[in-house]
Protein chains: 2
Amino acid sequence: MCEQKYKTGELVALAEIGKETLRFYEKKGLLPKPSRTAGGYRIYTEKDLRRLLFIKNAKKLGLSLKEIGELLAIADGELVDCAEVRHIAQKRLDIINEQIDNLGKLKTILIDLINQCSKTNTINSCPIIDSLSKGVKK
Amino acid sequence: MCEQKYKTGELVALAEIGKETLRFYEKKGLLPKPSRTAGGYRIYTEKDLRRLLFIKNAKKLGLSLKEIGELLAIADGELVDCAEVRHIAQKRLDIINEQIDNLGKLKTILIDLINQCSKTNTINSCPIIDSLSKGVKK
DNA sequence: TAACTCCCTGTATTATACTACAGGGTTCCG
DNA sequence: CGGAACCCTGTAGTATAATACAGGGAGTTA
(Lines give C-alpha, C1' and ligand atoms only; values in the text may rest on other atoms or scores of the structure.)
Protein backbone atom coordinates (compact mmCIF):
# COMPACT_ATOMS: atom_id res chain seq x y z
CA MET A 1 0.00 0.00 0.00
CA CYS A 2 2.87 2.31 0.56
CA GLU A 3 3.81 3.36 -2.98
CA GLN A 4 7.14 5.08 -3.38
CA LYS A 5 6.92 8.85 -3.73
CA TYR A 6 9.75 11.06 -4.90
CA LYS A 7 10.49 14.73 -4.87
CA THR A 8 12.24 16.35 -7.82
CA GLY A 9 15.69 15.94 -6.33
CA GLU A 10 15.18 12.26 -5.55
CA LEU A 11 13.79 11.46 -8.98
CA VAL A 12 16.57 13.20 -10.90
CA ALA A 13 19.14 11.39 -8.75
CA LEU A 14 17.58 8.00 -9.56
CA ALA A 15 17.19 8.72 -13.26
CA GLU A 16 20.52 10.53 -13.48
CA ILE A 17 19.24 13.60 -15.27
CA GLY A 18 19.25 17.29 -14.43
CA LYS A 19 16.32 18.86 -12.59
CA GLU A 20 15.90 21.42 -15.38
CA THR A 21 15.62 18.57 -17.86
CA LEU A 22 12.78 17.10 -15.84
CA ARG A 23 10.87 20.37 -15.95
CA PHE A 24 11.69 20.66 -19.63
CA TYR A 25 10.13 17.25 -20.32
CA GLU A 26 7.08 18.19 -18.30
CA LYS A 27 6.65 21.38 -20.31
CA LYS A 28 7.02 19.37 -23.53
CA GLY A 29 4.24 17.04 -22.39
CA LEU A 30 6.47 13.97 -22.15
CA LEU A 31 5.75 13.66 -18.45
CA PRO A 32 2.29 14.20 -16.93
CA LYS A 33 1.88 17.15 -14.57
CA PRO A 34 2.64 15.62 -11.19
CA SER A 35 0.58 16.19 -8.08
CA ARG A 36 1.92 18.68 -5.57
CA THR A 37 2.48 18.99 -1.86
CA ALA A 38 0.69 21.75 0.05
CA GLY A 39 3.82 23.82 -0.44
CA GLY A 40 3.82 23.34 -4.21
CA TYR A 41 6.56 20.68 -4.45
CA ARG A 42 6.17 18.12 -7.22
CA ILE A 43 5.47 14.52 -6.12
CA TYR A 44 6.51 11.73 -8.44
CA THR A 45 5.75 8.02 -8.40
CA GLU A 46 7.40 4.81 -9.62
CA LYS A 47 5.42 5.18 -12.81
CA ASP A 48 7.05 8.53 -13.49
CA LEU A 49 10.47 7.01 -12.91
CA ARG A 50 9.77 4.22 -15.40
CA ARG A 51 8.54 6.77 -17.91
CA LEU A 52 11.66 8.85 -17.43
CA LEU A 53 13.90 5.82 -17.88
CA PHE A 54 12.02 4.98 -21.04
CA ILE A 55 12.70 8.46 -22.39
CA LYS A 56 16.37 8.14 -21.47
CA ASN A 57 16.74 4.77 -23.18
CA ALA A 58 14.81 5.77 -26.26
CA LYS A 59 17.03 8.82 -26.58
CA LYS A 60 20.08 6.59 -26.36
CA LEU A 61 18.71 4.74 -29.37
CA GLY A 62 18.58 7.96 -31.34
CA LEU A 63 14.89 8.81 -31.12
CA SER A 64 13.98 12.47 -30.96
CA LEU A 65 11.83 13.80 -28.13
CA LYS A 66 9.03 14.26 -30.62
CA GLU A 67 9.15 10.61 -31.61
CA ILE A 68 9.38 9.55 -28.00
CA GLY A 69 6.29 11.65 -27.33
CA GLU A 70 4.45 9.80 -30.09
CA LEU A 71 5.43 6.44 -28.66
CA LEU A 72 4.35 7.52 -25.18
CA ALA A 73 1.02 8.65 -26.59
CA ILE A 74 0.59 5.15 -27.99
CA ALA A 75 1.51 3.64 -24.65
CA ASP A 76 -0.96 5.96 -22.92
CA GLY A 77 -3.68 4.74 -25.23
CA GLU A 78 -4.20 8.20 -26.65
CA LEU A 79 -3.29 6.92 -30.05
CA VAL A 80 -4.78 3.52 -30.67
CA ASP A 81 -4.94 3.57 -34.42
CA CYS A 82 -2.82 0.66 -35.51
CA ALA A 83 -2.07 2.17 -38.89
CA GLU A 84 -0.63 5.20 -37.14
CA VAL A 85 1.62 3.07 -34.97
CA ARG A 86 2.86 1.07 -37.91
CA HIS A 87 3.49 4.26 -39.81
CA ILE A 88 5.66 5.77 -37.08
CA ALA A 89 7.59 2.56 -36.59
CA GLN A 90 8.06 1.89 -40.30
CA LYS A 91 9.16 5.44 -41.04
CA ARG A 92 11.80 5.19 -38.36
CA LEU A 93 12.85 1.77 -39.59
CA ASP A 94 13.47 3.14 -43.09
CA ILE A 95 15.61 5.91 -41.67
CA ILE A 96 17.50 3.43 -39.53
CA ASN A 97 18.29 1.18 -42.46
CA GLU A 98 19.54 4.15 -44.43
CA GLN A 99 21.63 5.31 -41.50
CA ILE A 100 23.17 1.88 -41.01
CA ASP A 101 23.99 1.85 -44.71
CA ASN A 102 25.54 5.30 -44.61
CA LEU A 103 27.51 4.55 -41.48
CA GLY A 104 28.90 1.44 -43.15
CA LYS A 105 30.13 3.58 -46.05
CA LEU A 106 31.66 6.16 -43.76
CA LYS A 107 33.33 3.38 -41.80
CA THR A 108 35.02 2.07 -44.94
CA ILE A 109 36.19 5.54 -45.85
CA LEU A 110 37.60 6.17 -42.39
CA ILE A 111 39.37 2.82 -42.26
CA ASP A 112 40.97 3.66 -45.60
CA LEU A 113 42.04 7.01 -44.24
CA ILE A 114 43.60 5.46 -41.16
CA ASN A 115 45.47 2.91 -43.26
CA GLN A 116 46.62 5.50 -45.76
CA CYS A 117 47.85 7.60 -42.91
CA SER A 118 49.89 4.90 -41.25
CA LYS A 119 51.53 4.01 -44.58
CA THR A 120 52.65 7.42 -45.76
CA ASN A 121 52.85 9.32 -42.50
CA THR A 122 52.07 12.48 -44.45
CA ILE A 123 49.01 13.37 -46.42
CA ASN A 124 49.52 14.65 -49.88
CA SER A 125 46.38 13.44 -51.56
CA CYS A 126 43.39 13.10 -49.31
CA PRO A 127 41.54 9.80 -49.62
CA ILE A 128 38.41 11.01 -47.86
CA ILE A 129 38.01 14.08 -50.00
CA ASP A 130 38.45 11.94 -53.07
CA SER A 131 35.92 9.39 -51.88
CA LEU A 132 33.35 11.90 -50.84
CA SER A 133 33.64 14.20 -53.85
CA LYS A 134 32.42 11.32 -55.97
CA GLY A 135 29.22 11.24 -54.02
CA VAL A 136 27.24 8.92 -51.88
CA LYS A 137 24.17 7.17 -53.20
CA LYS A 138 20.71 8.33 -52.07
CA MET B 1 42.78 28.06 -69.91
CA CYS B 2 39.20 29.10 -69.48
CA GLU B 3 38.36 27.87 -65.99
CA GLN B 4 34.69 27.79 -65.05
CA LYS B 5 33.57 30.68 -62.89
CA TYR B 6 30.31 30.78 -60.99
CA LYS B 7 28.29 33.42 -59.28
CA THR B 8 26.45 32.59 -56.06
CA GLY B 9 23.22 31.71 -57.83
CA GLU B 10 24.94 29.42 -60.30
CA LEU B 11 26.91 27.62 -57.64
CA VAL B 12 23.94 27.01 -55.36
CA ALA B 13 21.96 25.69 -58.33
CA LEU B 14 24.72 23.22 -59.16
CA ALA B 15 25.25 22.11 -55.58
CA GLU B 16 21.55 22.22 -54.79
CA ILE B 17 21.84 24.20 -51.60
CA GLY B 18 20.39 27.53 -50.46
CA LYS B 19 22.33 30.75 -51.04
CA GLU B 20 22.14 31.53 -47.33
CA THR B 21 23.70 28.17 -46.56
CA LEU B 22 26.62 29.05 -48.81
CA ARG B 23 27.23 32.29 -46.91
CA PHE B 24 26.80 30.39 -43.67
CA TYR B 25 29.52 27.93 -44.63
CA GLU B 26 31.79 30.80 -45.66
CA LYS B 27 31.28 32.47 -42.29
CA LYS B 28 32.03 29.15 -40.56
CA GLY B 29 35.31 28.90 -42.47
CA LEU B 30 34.32 25.77 -44.39
CA LEU B 31 34.66 27.63 -47.68
CA PRO B 32 37.48 30.09 -48.42
CA LYS B 33 36.52 33.72 -48.95
CA PRO B 34 35.96 33.92 -52.70
CA SER B 35 37.32 36.68 -54.95
CA ARG B 36 34.89 39.38 -55.98
CA THR B 37 33.81 41.24 -59.10
CA ALA B 38 34.20 45.03 -59.24
CA GLY B 39 30.61 45.24 -58.05
CA GLY B 40 31.26 43.03 -55.06
CA TYR B 41 29.72 39.79 -56.36
CA ARG B 42 31.36 36.56 -55.20
CA ILE B 43 33.17 34.52 -57.86
CA TYR B 44 33.47 30.78 -57.34
CA THR B 45 35.50 28.15 -59.16
CA GLU B 46 35.27 24.43 -59.85
CA LYS B 47 37.34 23.88 -56.73
CA ASP B 48 34.71 25.58 -54.62
CA LEU B 49 32.02 23.42 -56.17
CA ARG B 50 33.95 20.25 -55.36
CA ARG B 51 34.47 21.45 -51.80
CA LEU B 52 30.79 22.18 -51.44
CA LEU B 53 29.84 18.75 -52.77
CA PHE B 54 32.26 17.22 -50.31
CA ILE B 55 30.54 19.04 -47.45
CA LYS B 56 27.15 17.91 -48.72
CA ASN B 57 28.18 14.27 -48.96
CA ALA B 58 30.00 14.24 -45.66
CA LYS B 59 26.89 15.66 -44.03
CA LYS B 60 24.82 12.91 -45.59
CA LEU B 61 27.11 10.45 -43.83
CA GLY B 62 26.31 12.05 -40.52
CA LEU B 63 29.40 14.18 -39.95
CA SER B 64 28.92 17.48 -38.16
CA LEU B 65 30.10 20.71 -39.76
CA LYS B 66 32.84 20.86 -37.15
CA GLU B 67 34.13 17.43 -38.13
CA ILE B 68 33.87 18.32 -41.80
CA GLY B 69 35.91 21.41 -41.05
CA GLU B 70 38.60 19.26 -39.46
CA LEU B 71 38.71 16.95 -42.47
CA LEU B 72 38.92 19.93 -44.81
CA ALA B 73 41.77 21.33 -42.75
CA ILE B 74 43.57 18.03 -43.27
CA ALA B 75 42.86 18.19 -46.99
CA ASP B 76 44.14 21.76 -47.10
CA GLY B 77 47.35 20.64 -45.49
CA GLU B 78 46.78 22.81 -42.48
CA LEU B 79 46.83 19.75 -40.32
CA VAL B 80 49.55 17.39 -41.41
CA ASP B 81 50.16 15.64 -38.18
CA CYS B 82 49.39 12.03 -38.85
CA ALA B 83 48.57 11.28 -35.25
CA GLU B 84 45.95 14.00 -35.33
CA VAL B 85 44.35 12.58 -38.44
CA ARG B 86 44.28 9.09 -37.04
CA HIS B 87 42.79 10.42 -33.85
CA ILE B 88 39.88 12.17 -35.60
CA ALA B 89 39.21 9.18 -37.82
CA GLN B 90 39.44 6.63 -35.03
CA LYS B 91 37.23 8.65 -32.71
CA ARG B 92 34.56 8.85 -35.37
CA LEU B 93 34.95 5.16 -36.15
CA ASP B 94 34.27 4.25 -32.52
CA ILE B 95 31.13 6.38 -32.52
CA ILE B 96 30.02 4.81 -35.80
CA ASN B 97 30.38 1.29 -34.48
CA GLU B 98 28.37 2.18 -31.44
CA GLN B 99 25.72 3.85 -33.56
CA ILE B 100 25.44 0.86 -35.87
CA ASP B 101 25.06 -1.32 -32.80
CA ASN B 102 22.36 0.90 -31.29
CA LEU B 103 20.51 1.20 -34.57
CA GLY B 104 20.49 -2.56 -34.88
CA LYS B 105 18.85 -2.83 -31.46
CA LEU B 106 16.29 -0.19 -32.25
CA LYS B 107 15.55 -1.96 -35.50
CA THR B 108 14.74 -5.17 -33.68
CA ILE B 109 12.49 -3.35 -31.25
CA LEU B 110 10.64 -1.59 -34.04
CA ILE B 111 10.19 -4.75 -36.07
CA ASP B 112 8.72 -6.39 -32.97
CA LEU B 113 6.37 -3.48 -32.54
CA ILE B 114 5.22 -3.62 -36.14
CA ASN B 115 4.59 -7.35 -35.89
CA GLN B 116 2.80 -7.07 -32.58
CA CYS B 117 0.66 -4.35 -34.04
CA SER B 118 -0.41 -6.31 -37.08
CA LYS B 119 -1.28 -9.30 -34.90
CA THR B 120 -3.44 -7.66 -32.30
CA ASN B 121 -4.65 -4.58 -34.14
CA THR B 122 -5.01 -2.88 -30.79
CA ILE B 123 -2.37 -2.02 -28.27
CA ASN B 124 -3.01 -3.05 -24.75
CA SER B 125 0.49 -3.68 -23.56
CA CYS B 126 3.18 -1.77 -25.33
CA PRO B 127 6.17 -3.83 -26.44
CA ILE B 128 8.45 -0.86 -26.96
CA ILE B 129 7.82 0.62 -23.56
CA ASP B 130 8.47 -2.77 -22.02
CA SER B 131 11.66 -3.27 -24.00
CA LEU B 132 13.01 0.15 -23.32
CA SER B 133 12.12 0.36 -19.67
CA LYS B 134 14.47 -2.53 -19.10
CA GLY B 135 17.30 -0.48 -20.48
CA VAL B 136 19.76 -0.62 -23.29
CA LYS B 137 23.34 -1.65 -22.71
CA LYS B 138 25.98 1.10 -22.72
C1' DT C 1 14.01 31.71 15.08
C1' DA C 2 18.11 31.46 12.30
C1' DA C 3 20.48 28.91 8.97
C1' DC C 4 20.63 25.76 5.48
C1' DT C 5 19.09 22.86 1.90
C1' DC C 6 15.79 22.00 -1.34
C1' DC C 7 12.24 23.54 -4.37
C1' DC C 8 9.46 26.97 -7.06
C1' DT C 9 8.77 30.16 -11.32
C1' DG C 10 10.14 32.51 -15.37
C1' DT C 11 13.56 34.07 -18.44
C1' DA C 12 17.86 33.81 -20.81
C1' DT C 13 21.67 31.36 -22.85
C1' DT C 14 24.09 27.47 -25.23
C1' DA C 15 25.09 24.69 -29.46
C1' DT C 16 23.97 23.05 -34.16
C1' DA C 17 22.49 24.07 -38.65
C1' DC C 18 20.20 26.62 -41.04
C1' DT C 19 16.38 30.04 -43.03
C1' DA C 20 14.16 34.47 -43.61
C1' DC C 21 14.02 39.06 -44.03
C1' DA C 22 14.96 44.26 -44.65
C1' DG C 23 17.00 47.60 -47.18
C1' DG C 24 20.02 48.46 -50.31
C1' DG C 25 23.54 48.04 -54.77
C1' DT C 26 24.68 45.65 -59.57
C1' DT C 27 23.92 43.75 -64.13
C1' DC C 28 21.70 43.18 -68.17
C1' DC C 29 18.02 43.54 -71.68
C1' DG C 30 15.28 46.33 -74.63
C1' DC D 1 17.31 55.03 -69.06
C1' DG D 2 13.70 51.88 -66.90
C1' DG D 3 12.83 47.73 -64.77
C1' DA D 4 13.54 42.97 -63.67
C1' DA D 5 16.56 39.70 -61.92
C1' DC D 6 20.25 39.04 -59.24
C1' DC D 7 23.52 40.01 -55.50
C1' DC D 8 25.16 42.42 -51.22
C1' DT D 9 25.18 43.14 -45.87
C1' DG D 10 23.57 42.54 -41.35
C1' DT D 11 20.24 41.00 -38.23
C1' DA D 12 16.63 38.10 -36.61
C1' DG D 13 14.03 33.84 -36.33
C1' DT D 14 13.41 28.51 -36.41
C1' DA D 15 13.91 23.90 -34.34
C1' DT D 16 16.05 20.61 -31.07
C1' DA D 17 17.57 19.61 -26.55
C1' DA D 18 18.93 21.17 -23.00
C1' DT D 19 21.39 24.24 -19.25
C1' DA D 20 21.97 28.36 -16.26
C1' DC D 21 20.39 31.82 -13.33
C1' DA D 22 17.75 35.25 -10.67
C1' DG D 23 14.76 35.96 -7.00
C1' DG D 24 11.88 34.06 -3.94
C1' DG D 25 9.19 30.22 -0.94
C1' DA D 26 9.17 25.63 1.83
C1' DG D 27 10.93 22.30 5.06
C1' DT D 28 14.15 20.77 8.54
C1' DT D 29 17.14 20.93 12.37
C1' DA D 30 19.94 23.08 16.00
Side-chain angles (χ1 to χ4, degrees), chain A residues 5-45 48-49 51-72 88 91-92 95 99 102, chain B residues 5-45 48-49 51-72 92 95 99 102:
Chain A
K5 303 279 181 186
Y6 309 110
K7 274 191 291 180
T8 296
E10 292 159 350
L11 188 67
V12 304
L14 285 167
E16 293 177 286
I17 59 154
K19 68 183 193 303
E20 348 268 331
T21 306
L22 191 61
R23 275 219 306 140
F24 176 71
Y25 288 168
E26 182 183 325
K27 208 157 55 186
K28 281 247 150 181
L30 295 176
L31 294 170
K33 282 179 201 298
S35 53
R36 303 283 183 126
T37 64
Y41 287 18
R42 287 173 180 80
I43 309 161
Y44 295 101
T45 66
D48 295 311
L49 177 58
R51 200 176 175 94
L52 201 47
L53 291 175
F54 163 73
I55 295 171
K56 231 188 130 187
N57 285 317
K59 253 166 45 69
K60 227 182 279 177
L61 292 179
L63 293 170
S64 70
L65 294 187
K66 200 185 155 200
E67 287 173 313
I68 293 169
E70 287 170 347
L71 294 177
L72 284 170
I88 292 169
K91 214 176 67 188
R92 187 97 279 259
I95 294 167
Q99 282 180 336
N102 281 341
Chain B
K5 303 279 183 188
Y6 309 109
K7 274 190 292 181
T8 296
E10 291 158 351
L11 187 68
V12 302
L14 286 166
E16 293 177 284
I17 58 153
K19 66 183 195 304
E20 350 266 332
T21 306
L22 190 62
R23 276 219 304 142
F24 176 73
Y25 288 167
E26 182 183 325
K27 208 156 57 187
K28 280 248 149 180
L30 295 177
L31 294 170
K33 282 181 199 298
S35 52
R36 302 284 182 124
T37 64
Y41 285 20
R42 287 173 178 81
I43 308 161
Y44 294 101
T45 66
D48 295 310
L49 177 59
R51 199 176 176 96
L52 201 48
L53 291 175
F54 163 75
I55 295 170
K56 231 189 128 184
N57 285 317
K59 250 166 45 70
K60 226 179 283 179
L61 293 179
L63 293 169
S64 69
L65 293 186
K66 198 183 156 202
E67 286 172 312
I68 292 168
E70 287 170 348
L71 293 177
L72 285 169
R92 188 96 280 257
I95 294 168
Q99 282 180 336
N102 280 341

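Only this structure's heavy atoms are used, side chains among them; waters, hydrogens and symmetry mates stay out. A quick note: this is a predicted structure, and the numbers were derived from the prediction, not measured. In what follows, chains are A, B, ... by sequence order, proteins preceding strands, each numbered from 1.
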Starting at atom [atom1] of [X], determine the distance to atom [atom2] of [N], rounded to an integer number of angstrom.
X       : N      : atom1 : atom2 : answer
B/Lys27 : D/dT9  : NZ    : P     : 10 Å
A/Glu26 : C/dT9  : CD    : P     : 7 Å
B/Lys19 : C/dA22 : NZ    : C1'   : 12 Å
B/Ile43 : D/dC6  : CD1   : C1'   : 15 Å
B/Ile17 : C/dT19 : CD1   : P     : 10 Å
B/Arg36 : C/dT27 : CZ    : P     : 12 Å
A/Glu70 : D/dT16 : CD    : P     : 11 Å
A/Phe24 : D/dA20 : CZ    : P     : 14 Å

| said: How close do A/Arg51 and A/Leu31 get, counting heavy atoms only, and between which atoms? | reply: CD-CD2, 3.9 Å
| field | Smallest separation among heavy atoms of A/Ile43 and A/Asp48, with atom names | value | O-OD2, 4.5 Å
Measuring to OP1 and OP2 of [N], would you say a side-chain N or O of [X] lies under 4.0 angstrom away?
X       : N      : answer
A/Tyr25 : D/dA17 : no
B/Thr21 : C/dA17 : no
A/Arg42 : C/dC8  : yes
B/Thr8  : D/dC6  : no

| said: What contact category does A/Lys7 fall into here, base, sugar-phosphate, or nothing, at under 4.0 angstrom with non-hydrogen atoms? | reply: sugar-phosphate
| request: Please work out if A/Gly18 contacts a base, only the sugar-phosphate, or nothing of the nucleic acid, heavy-atom cut-off 4.0 Å. | output: nothing
| Flag, side chain of B/Lys56 to backbone of B/Ala15, donor-acceptor distance under 3.5 Å | yes
| field | Short side-chain to backbone donor-acceptor contact, A/Glu16 and A/Ala13, under 3.5 Å | value | no
| task | Please determine, for the side chain of B/Ser64, which listed nucleotide (C/dA17, D/dT16, D/dA18) has the closest atom? | result | C/dA17
| Candidates D/dA17, C/dT27, D/dT11 - which lies nearest the side chain of B/Arg23 | D/dT11
| task | Could you pick out which residue, B/Gly9 or A/Gly39, lies toward the 5' side of DNA chain D when each is mapped onto its nearest nucleotide? | result | B/Gly9
| Between atom CG of A/Leu63 and atom CZ of A/Phe54, what is the distance when rounded to the nearest 0.5 Å? | 7.0 Å
| said: Between the base of D/dC21 and the side chain of A/Glu20, is one N or O donor paired with an acceptor at under 3.5 angstrom? | reply: yes
| said: Check this for me: does the side-chain of A/Tyr41 come within 3.5 Å of the base of C/dC8 through a donor and an acceptor? | reply: no
| said: If you assign B/Leu65 and B/Ala38 each to the DNA chain C nucleotide with the nearest heavy atom, which residue ends up on the more 5' nucleotide? | reply: B/Leu65
